Chemist: 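Before anything else, here's the structure in question.
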Number of protein chains: 2
Amino acid sequence: MSRSPGAQAAPTLAQVAKLAGVSVKTASRVFNGERYVAEATTEKVQRAASMLGFRPNRIARELRRGSRSTLIGMVTGDLANPFYARVASVLERELRTAGYQLITATSETDAGAEERLVEEFLERRVAGLVVASSASEHHRYLANSAGVPVIFLDRPKTGVSADMVMLDDRAGARMAVRNVLQAGHRRIAVIGDRGQLATHQERMRGFTEALREGGIADVECYVRDEPHTARTAKNVVAAVMSRGLPPTALLSTGSLITMGAINAFQRLNRSAALIGFDDFELAEVLGISVITHDVSELAREGARLLLSRLADAEQPPQTVVIPCRLIDRGSGRRYELV
Amino acid sequence: MSRSPGAQAAPTLAQVAKLAGVSVKTASRVFNGERYVAEATTEKVQRAASMLGFRPNRIARELRRGSRSTLIGMVTGDLANPFYARVASVLERELRTAGYQLITATSETDAGAEERLVEEFLERRVAGLVVASSASEHHRYLANSAGVPVIFLDRPKTGVSADMVMLDDRAGARMAVRNVLQAGHRRIAVIGDRGQLATHQERMRGFTEALREGGIADVECYVRDEPHTARTAKNVVAAVMSRGLPPTALLSTGSLITMGAINAFQRLNRSAALIGFDDFELAEVLGISVITHDVSELAREGARLLLSRLADAEQPPQTVVIPCRLIDRGSGRRYELV
DNA sequence: CTGAAAGCGCTTACAG
DNA sequence: CTGAAAGCGCTTACAG
């Protein structure tokens, strides 16, 4: 462990000032674009800075400026998940234009770590926090965040008032149900992923409620709701399809399950109508109808809420609901698919 | 723009010390786990801290500790791209266990912005930089990074010596070519995505070289290499397949093109053998052979190189090559697919 | 248009 | 085991 020789002491503002023959304050003015600096002075300072390879130290600046950084912390369930990845990507872009930088942390790594990650962000004096993960007791952050704004993305209501952006999963589920009911289906299976907590459960509830409202009597009979991997999703669908009186239509709470269903259909060489939440590559090629949301909009609204809260801490908490839509590719009306 | 009242001045170490009746230095010792603090003192300090809701200020700590943070900056082409997202996810996890936090920036936002992003990272005194983006002149960072280690992920060699992790695209291309040649194919189209710069070009070169070595005379005849969206990929494949003497096999440099090909096959109701780089969901269901790399390994090796460089700035630059493998699902041997 | 002094919240280097 | 002083690199608040 040698002490990096490359990482030699970086030049400071004081060194630049000295070389330029001005005071530290005057040099500071140049890098902050303050008015009232003679042009000749500006030039002298800039020349000295580039000779030394000076780069302002943001750490020092932030400490002096009131010890609150321009970092925004984001807690996600799993950055590798395309949903979170897209949210992070859009958020990063939106926040950057407002002068903030996104810093990410993934909570699913070890359960219960989320609180520690948030604590780390707060020690770093982040200007704000965006929470888009599935841990359950988020509201505690609010109490402990010491006035740092927290925005919740795609979380269920908890009674605690806070800024949040939600997906209208219930309405989406209703659209899917309407689609298969109109095609005449009556035996309709609902496959959920209990592991994916919040969102998936909302979708489950949306499906079953809408089915009941649609006059389907024995809804529970075809409901399966458990944690899923790609493999188990396939198996569950295969099992449901192999019953004595198999369903003629399937509703799925996520693309993993939808793809598992397609896989199962192929193995069984039988199929059913199918509509799932979340669009996926090749869904169009395969003609699968999906319920989808505009993830970019979710992220953009999240950024907007945060920036607005940052500008005015007093305003009442807002909730934004992102609508969903059905992309009808015909699979909800068919009785034979593969 | 009210001055957030929630963001009231956070309690400081000095306040904790005063409440606990000890010196600032002693209080500091408690939060840094230094030895030689009486147990009673530790307790007093901790009680005072929790009464006040004290949270150590990392900004101040980092400034004092030598103005180098525990942040690692990562520049990606596009965080929403599954490849970069997975890299970021793994990297974040690996670095966190070593006490570092990942901070991300996306360069594709506006071309040429990359340098500005890197500059911002350096002003923030990041401990290291990971560059995984397609901008071309990365080597310049090295000159300007003021001793901050830079690790390049999936970049082509530039002659500049630096720590880097590369994918063995050439070897992968060779495997794909061997697969279709062994199946007896002779008219083999190569579809590339010139827009995706580095990696895709390596793959193109790998394909054409291997074809020539395999005794295919008129290789160029079936080569198409231009920037692609999902739509243009489909159109290009359709055009190639509609020629007088159509190819009997297709090689693709990325999953976007592979999926475009599947789409085109469907529209034309004709098909060809097909092998593409990068695995994708449903590739298994559709029986498409792919050349794939272990992205997690890429990221893990990147983290390892960075941590090793951080520990010893003197060691010679290392290059790690991640091997690739063919997942043979049969599509390279078929003459009819869809 | 410019500068000298103080201080952001912490740790380092010393001294006891 | 504990503490008083100095200082990390910058900006704030004042004064000229």
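Residue numbering restarts at 1 for every chain, and letters A, B, ... go by the order of the sequence lines. In this text, all values refer to a predicted model and were calculated from it rather than measured experimentally.
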Chemist: Which of the following nucleotides, dC1(D), dT11(C), dT11(D), is nearest to the side chain of T41(B)?
Modeler: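 Per side-chain heavy atoms of T41(B), the pick is dC1(D).
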
Chemist: Testing the basics here: between Q15(A) and A10(A), what is the closest heavy-atom pair and its distance to 0.1 Å?
Modeler: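 Result for this residue pair: NE2-O, 4.5 Å.
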
Chemist: Can you tell whether the side chains of E120(B) and R96(A) come within less than 4.0 Å, N to carboxylate O?
Modeler: yes

Chemist: Go through residues 25-39 of chain A and report each residue with a non-hydrogen atom lying under 4.0 Å from DNA chain D, sorted by number.
Modeler: K25(A), S28(A), N32(A)

Chemist: In whole angstroms, how far is the P atom of dG3(D) from the CG atom of L13(B)?
Modeler: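 It works out to 12 Å between those atoms.
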
Chemist: Could you give the CD-to-P distance, from E123(B) to dG9(D), as a whole number of Å?
Modeler: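 Going from E123(B) (CD) to dG9(D) (P), I get 15 Å.
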
Chemist: Calculate, to the nearest 0.5 Å, the distance between atoms CZ and CD1 belonging to R300(B) and I322(B) respectively.
Modeler: 8.5 Å

Chemist: I need the CZ-C1' distance between R64(A) and dA6(C), as an integer number of Å.
Modeler: 8 Å

Chemist: Closer than 4.0 angstrom, basic N to acidic O: yes or no for E301(A) and R304(A)?
Modeler: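 Answer for the salt bridge query: yes.
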
Chemist: In whole Å, what separates the C1' atom of dA4(C) from that of dC10(D)?
Modeler: 15 Å

Chemist: Which whole number of Å gives the distance between the P atom of dA13(C) and that of dC1(D)?
Modeler: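 Pairwise P distance, dA13(C) against dC1(D), rounds to 22 Å.
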
Chemist: Considering only distance and modelled atom types, tabulate donor-acceptor pairs under 3.5 Å from the side chains of residues 33-41 of chain B, sequence neighbours left out.
Modeler:
residue: E34(B); atom: OE2; partner: K25(B); partner atom: NZ; Å: 3.4

Chemist: dC10(D) C1' sits how many Å from R125(B) CZ, rounded?
Modeler: 11 Å

Chemist: Expected output is a numbered-order residue list: members of residues 42-52 of chain B with a heavy atom under 4.0 Å from any atom of DNA chain D. What is it?
Modeler: none

Chemist: Treat a base pair as Watson-Crick or G-U wobble with both distances under 3.5 Å, then lay out DNA chain D in dot-bracket form, 5' to 3', with | for cross-strand pairs.
Modeler: |||.||||||||.|||

Chemist: Drop me the distance from L63(B)'s CG to R125(B)'s CZ, to the nearest 0.5 angstrom.
Modeler: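 It is 10.5 Å, given to the nearest 0.5 Å.
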
Chemist: Please confirm whether any donor atom in the side chain of R61(A) sits under 3.5 Å from an acceptor in the base of dG9(D), or the reverse.
Modeler: no

Chemist: Residues two or more places apart in sequence or in another chain: which of them pass side chain to side chain donor-acceptor pair (under 3.5 Å) with S308(A)?
Modeler: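 Residues passing side chain to side chain donor-acceptor pair (under 3.5 Å) with S308(A): Q315(A).
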
Chemist: Could you tell me how far apart Q15(B) (CD) and dG9(C) (P) are, to the nearest whole angstrom?
Modeler: 8 Å

Chemist: Please enumerate all residues that pass ring pair (Phe, Tyr, Trp, His ring centres under 6.0 Å) together with F83(A), with sequence neighbours excluded.
Modeler: none

Chemist: K18(B) NZ to dG9(C) C1': how many Å, rounded?
Modeler: 16 Å

Chemist: Please tell me which of the listed nucleotides, dG9(D), dT11(C), dT12(D), lies nearest to the side chain of N57(A)?
Modeler: dG9(D)

Chemist: Considering every strand and a 4.0 Å limit on heavy-atom distances, what is the contact class for V22(A): base, sugar-phosphate, or nothing?
Modeler: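 Touches sugar-phosphate only.
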
Chemist: Please report, rounded to the nearest Å, how far the P atom of dC8(D) is from the CG atom of L63(B).
Modeler: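 Interatomic distance, CG of L63(B) to P of dC8(D): 9 Å.
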
Chemist: Looking at L71(B), I72(B), V126(B), which one forms a side-chain contact (heavy atoms from CB on, under 4.5 Å) with F121(B)?
Modeler: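 With F121(B) as partner, side-chain contact (heavy atoms from CB on, under 4.5 Å) holds for just one option, V126(B).
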
Chemist: Side chains of D163(A) and P149(A): closer than 4.5 Å at any heavy-atom pair?
Modeler: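 Contact flag for D163(A)/P149(A) side chains = no.
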
Chemist: If I take atom CZ from residue R61(B) and atom CZ from residue R124(A), how far apart are they, to the nearest 0.5 angstrom?
Modeler: 10.5 Å

Chemist: Rounded to whole Å, how long is the line connecting atom CD of E62(B) with atom P of dT12(C)?
Modeler: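 Result: 13 Å.
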
Chemist: Is it true that R55(A) and E123(B) make a salt bridge, defined as a side-chain N closer than 4.0 Å to a carboxylate O?
Modeler: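 Looking at R55(A) and E123(B), the cut-off is not met.
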
